[in-house]
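As the structure lists them, so they are numbered: ligands from 1, and atoms in each ligand from 1. Here the structure is a predicted model, which means the values were calculated and not measured. Residue numbers start at 1 and run along the sequence shown.
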Amino acid sequence: MSETPFHAEFDSSSQEFLLAGVIRPCSINEIAASIFMLKEAIDDVRGVLYINVKRLVQMNNTAFQAIARVVLDTCRTRSDLRFVVVTSSVVGWTERMFKHLSSIEPRITVEVYDSGFYPGQSFVEDESFIPILRTQTKMTWRHERTILPRHGMRPGIVMADICCGIGDFAALVKKEFRPARIVALDHSKASLAYARKMAASFDVTDIEYTYGDASEMLLEDNQFDLVTCRHSLQIFNRPDMLLKELFRICKPGGRVYITNEKNSHCLGEPHSQSIQWTYNEVAKLFRHFEMDVELGPKSRRYLAETGFDDILIESFMVTNLDGDPQDFADVITAWENVYAGEMAVKRGDSSEFIARFRQGFRDHIFAALHPKGYAGWPIWAASGRKPS
Ligand SMILES: C[S@@+](CC[C@H](N)C(=O)[O-])C[C@H]1O[C@@H](n2cnc3c(N)ncnc32)[C@H](O)[C@@H]1O
């Protein structure tokens, strides 16, 4: 990663003073313009001034002292003003550094914005999600390995897999398509730890597994030929924000590839009605946590509204006939465990509801394993080109 240039900005409508990039002045004079901007911001606002350091990669002591002086002096002279410093766990040192200020001045508070920044975060980033991701990729890869070349995958490219989960997709891509470079980013420490362990055991050494926030990435603009983001837009409450970031890091002429589901279209025979009922309920359950697992067919709109052209969409059905039916059954078991377990319980569902909810998953498994049964899980793969 090349060094991110320093950037300071004040937005009076949100009362937010933003510091981003690498700030390492030798003397205060070098950042005089930014300090002046901060003082002007302070004069402009009433109530709270937000200091956004979510993308502040590095700051030396000279810069920190200069900023701290202005903020502390203001606290002494302006009783009407509070400061909220907004940090990110991705740049963990900012929290420690600014917490020091809040310990000496109660009118300065520090928030780590990504400790609870989307409603489904606790489930998705938890270790309990790992078995779901493992079995899912095993099933979808059979399809995606032939789909991907139509969406810009080829040997020698520079690519990023954003929201990479346990990193298995990146490892499969590495083996099959030999990209020149692959960055795999996720916000789950548990998944990344798993990814690194698996990669080491497969002797895959050159995937750059990176801890980060996909909606505020520290990656530079315009650097990847292909950016993939699989099954993840659907778990964000603001998929548009995430797509903007994917667009930003993609090279002009490069492509962004996304996959998403429409859970209510999962199907099976026999017991189709019970199965259908449960997956309609899955969609509602996710909506309760502000996630849209019906996003698949909306991909075209999302890509177009972000500014992509040459949009390609295809859908495929993962079924029990794709390979070993037990693989399909394992995916459904993993879903049942988290959706009818942790998630339904957290929503406060009754035991009667949970029993019926579980039955649909069990019927889906029955259909998958029955010698004459059929079970399906539809997925939409879509990509768009960033205009040159
Ligand atoms: C449904 S999983 C999909 C994982 C992987 N792409 C796959 O298909 O197996 C969603 C992933 O998004 C990650 N994630 C959620 N919010 C994120 C964020 N703000 N930044 C980066 N990753 C995030 C989660 O940790 C999780 O690994």
Side-chain angles (χ1 to χ4, degrees), residues 54-55 88-91 112-145 147-148 159-173 182-196 198 207-219 226-246 248-249 256-261 263 282 286 289-293 295-296 316 318 330-331 334-335 338-339 342-343 377 379-382:
K54 289 189 238 177
R55 291 196 204 218
S88 156
S89 71
V90 178
V91 280
V112 184
Y113 94 106
D114 59 342
S115 57
F117 65 133
Y118 68 99
Q121 187 171 7
S122 61
F123 312 114
V124 174
E125 294 191 6
D126 196 76
E127 277 178 7
S128 54
F129 229 72
I130 291 177
I132 294 191
L133 301 183
R134 265 184 68 164
T135 38
Q136 283 190 173
T137 309
K138 189 170 170 192
M139 296 297 283
T140 55
W141 179 249
R142 289 193 184 95
H143 298 264
E144 287 186 88
R145 66 190 299 191
I147 289 173
L148 281 161
M159 69 163 285
D161 185 34
I162 305 303
C163 302
C164 66
I166 56 167
D168 44 0
F169 175 76
L172 290 164
V173 161
I182 178 161
V183 174
L185 178 143
D186 203 277
H187 193 267
S188 160
K189 289 184 176 156
S191 293
L192 284 172
Y194 187 90
R196 293 195 179 101
M198 290 301 283
I207 297 174
E208 298 166 42
Y209 288 112
T210 309
Y211 176 61
D213 168 14
S215 60
E216 294 265 358
M217 287 186 280
L218 301 180
L219 299 169
L226 180 65
V227 179
T228 56
C229 182
R230 301 169 51 267
H231 298 283
S232 297
L233 286 176
Q234 60 184 36
I235 55 129
F236 276 85
N237 53 342
R238 292 284 312 276
D240 53 323
M241 262 174 68
L242 177 48
L243 264 172
K244 255 169 114 177
E245 275 293 273
L246 305 181
R248 182 182 68 73
I249 64 170
V256 168
Y257 168 89
I258 56 176
T259 64
N260 290 285
E261 300 165 62
N263 252 268
V282 169
F286 273 76
F289 294 105
E290 295 181 41
M291 300 186 258
D292 182 8
V293 285
L295 194 144
F316 61 93
V318 173
D330 289 347
V331 171
W335 289 352
V338 175
Y339 305 169
E342 226 176 311
M343 289 178 75
W377 167 37
I379 292 168
W380 278 258

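M198 has its side chain out of reach of I166: every pair of non-hydrogen atoms, C-beta onward, lies at least 4.5 Å apart. Under the 4.5 Å side-chain criterion, counting only non-hydrogen atoms from C-beta, T140 is in contact with V318. Looking at F169 and L148, their side chains come closer than 4.5 Å, going by heavy atoms from C-beta outward.
Residue-to-ligand polar distances keep L133 apart from ligand 1: every N/O pair is separated by 3.5 Å or more. The N/O atoms of D186, backbone and side chain alike, include one that comes under 3.5 Å of an N/O atom in ligand 1. The distance criterion of under 3.5 Å between nitrogen or oxygen atoms is met by H187 with respect to ligand 1. Close N/O approach between R230 and ligand 1 is found [any backbone or side-chain N/O within under 3.5 Å]. Residue I235 has no N or O atom closer than 3.5 Å to an N or O atom of ligand 1.
Between the side chains of W141 and Q136, no donor-acceptor pair is found at a separation under 3.5 Å. Residues D161 and T228 have side chains that bring a donor and an acceptor to within less than 3.5 angstrom of each other. In this model, no donor atom of one side chain and acceptor atom of the other lie less than 3.5 Å apart for Y211 and S188.
R248 contributes a side-chain N or O that, together with a main-chain N or O of L219, makes up a donor-acceptor pair within less than 3.5 Å. Judged purely by atom type and a 3.5 angstrom limit, E261 has no side-chain atom pairing as donor or acceptor with the backbone of G296.
Remark: ligand 1 atoms within the under-4.0 Å shell around heavy atoms of C164 are 5 (C). Using a 4.0 Å cut-off to heavy atoms of T137, the atoms of ligand 1 that qualify are 9 (O). Under a 4.0 Å criterion applied to the non-hydrogen atoms of S188, ligand 1 contributes the atoms 25 (O). For ligand 1 and G212, the ligand atoms under 4.0 Å from any heavy atom of the residue are 20 (N), 21 (C).
In this structure, R230 pairs ionically with E144, as a charged nitrogen and a carboxylate oxygen lie closer than 4.0 Å.
Contact annotation for I166 and ligand 1: no heavy atom of the residue comes within less than 4.0 Å of the ligand. At a heavy-atom distance under 4.0 Å, only side-chain atoms of F236, from C-beta outward, approach ligand 1. By the criterion of a heavy-atom distance under 4.0 Å, neither the backbone nor the side chain of T259 is placed next to ligand 1. Contact annotation: for C229 versus ligand 1, there are no heavy atoms closer than 4.0 Å.
Under a 4.0 Å heavy-atom criterion, Q136 is not in contact with ligand 1.
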